[in-house]
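Okay, so here's the structure we're looking at.
Residue numbers count from 1 along this sequence.
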Amino acid sequence: AGLVSSVYICRSRALKCKRAVLYITEGCFLAYIVLYGYKFYGEIANIANRYQHDGGWAIAFIVVYAPTFLALFFMNVPFAQTFEIIALAFVTFILVVPISRGRWYVYSDEYMKEYLQMDDATYSKECPQ
């Protein structure tokens, strides 16, 4: 829908103001954040199992969801809109969703002490003492 409406505005001779394309682009990225934030919310419990540790959701964000936002740095979008989109994506994927699903609790001092003292068989093969 965003691509079709952007092409229509650029090709239209009746519309003199082509600035509406920037708002359509922003709207598409914000819709992406909302839809994939909801998807991330549902998948975050399974992501820890897929990446074999509790911080796997951060790796999944970097590998799966963040590359979409790299396109903003190569598009001719004003800085304020780029900053707004990146800030909302960061807040959604790094703060709101993990806090609401309880994924930041694993970084407490007690948990980290237990995790570092744990003798895991998978790590003892790779790192002999």
Side-chain angles (χ1 to χ4, degrees):
L3 178 64
V4 172
S5 57
S6 295
V7 169
Y8 173 73
I9 289 172
C10 287
R11 301 272 180 179
S12 175
R13 295 179 188 192
L15 294 173
K16 301 289 183 199
C17 182
K18 307 297 184 194
R19 183 173 261 176
V21 173
L22 297 175
Y23 299 116
I24 292 170
T25 303
E26 181 181 13
C28 290
F29 272 102
L30 295 179
Y32 176 86
I33 292 170
V34 170
L35 294 174
Y36 278 86
Y38 182 73
K39 181 181 176 186
F40 190 62
Y41 180 82
E43 289 181 346
I44 199 167
N46 297 329
I47 289 173
N49 296 332
R50 189 179 320 150
Y51 289 101
Q52 303 298 324
H53 58 83
D54 294 323
W57 59 269
I59 295 171
F61 168 70
I62 292 169
V63 172
V64 178
Y65 300 103
T68 305
F69 300 105
L70 290 176
L72 286 170
F73 296 109
F74 300 104
M75 295 172 64
N76 194 14
V77 179
F79 174 75
Q81 286 180 332
T82 302
F83 183 74
E84 176 187 3
I85 293 168
I86 295 294
L88 287 173
F90 178 80
V91 167
T92 301
F93 289 105
I94 300 296
L95 296 178
V96 173
V97 173
I99 288 173
S100 65
R101 295 294 279 182
R103 291 296 168 192
W104 278 108
Y105 78 93
V106 298
Y107 298 112
S108 66
D109 292 337
E110 296 82 22
Y111 180 82
M112 294 307 288
K113 286 178 186 175
E114 290 175 13
Y115 183 77
L116 293 173
Q117 293 173 354
M118 185 173 60
D119 186 26
D120 192 4
T122 59
Y123 294 121
S124 58
K125 291 178 189 175
E126 296 172 5
C127 303
Q129 295 175 345

TODO: Please check if the side chain of Ser100 supplies one atom and the backbone of Val97 the other of a donor-acceptor pair under 3.5 Å.
DONE: yes
TODO: Please check if Tyr23 and Met75 belong to a single hydrophobic cluster, counting links between Ile, Leu, Val, Met, Phe, Trp and Tyr side chain heavy atoms closer than 4.5 Å.
DONE: no
- [ ] Please identify each residue that fulfils side-chain contact (heavy atoms from CB on, under 4.5 Å) with Thr68, with sequence neighbours left out.
- [x] Phe29, Tyr32
Open item on the list: Can you list everything that forms a side-chain contact (heavy atoms from CB on, under 4.5 Å) with Tyr38? Sequence neighbours excluded, please.
Closed with: none
Acceptor/donor pairs from residues 76-87 side chains to any protein atom, 3.5 angstrom cut, sequence neighbours excluded:
residue	atom	partner	partner atom	Å
Gln81	NE2	Glu26	OE1	3.2
Thr82	OG1	Pro78	O	3.1

- [ ] Report yes if the side chains of Phe69 and Phe93 come closer than 4.5 Å at any heavy-atom pair, otherwise no.
- [x] yes
Task: Shared hydrophobic cluster, Val34 / Phe90 (ILVMFWY, side-chain heavy atoms < 4.5 Å) - done: no
TODO: Check Thr92 against Leu88 and note the closest heavy-atom contact, atom names and distance.
DONE: OG1-O, 2.7 Å
Open item on the list: Quick check for you: to the nearest 0.5 Å, what is the distance between Leu70 atom CG and Phe73 atom CZ?
Closed with: 7.0 Å
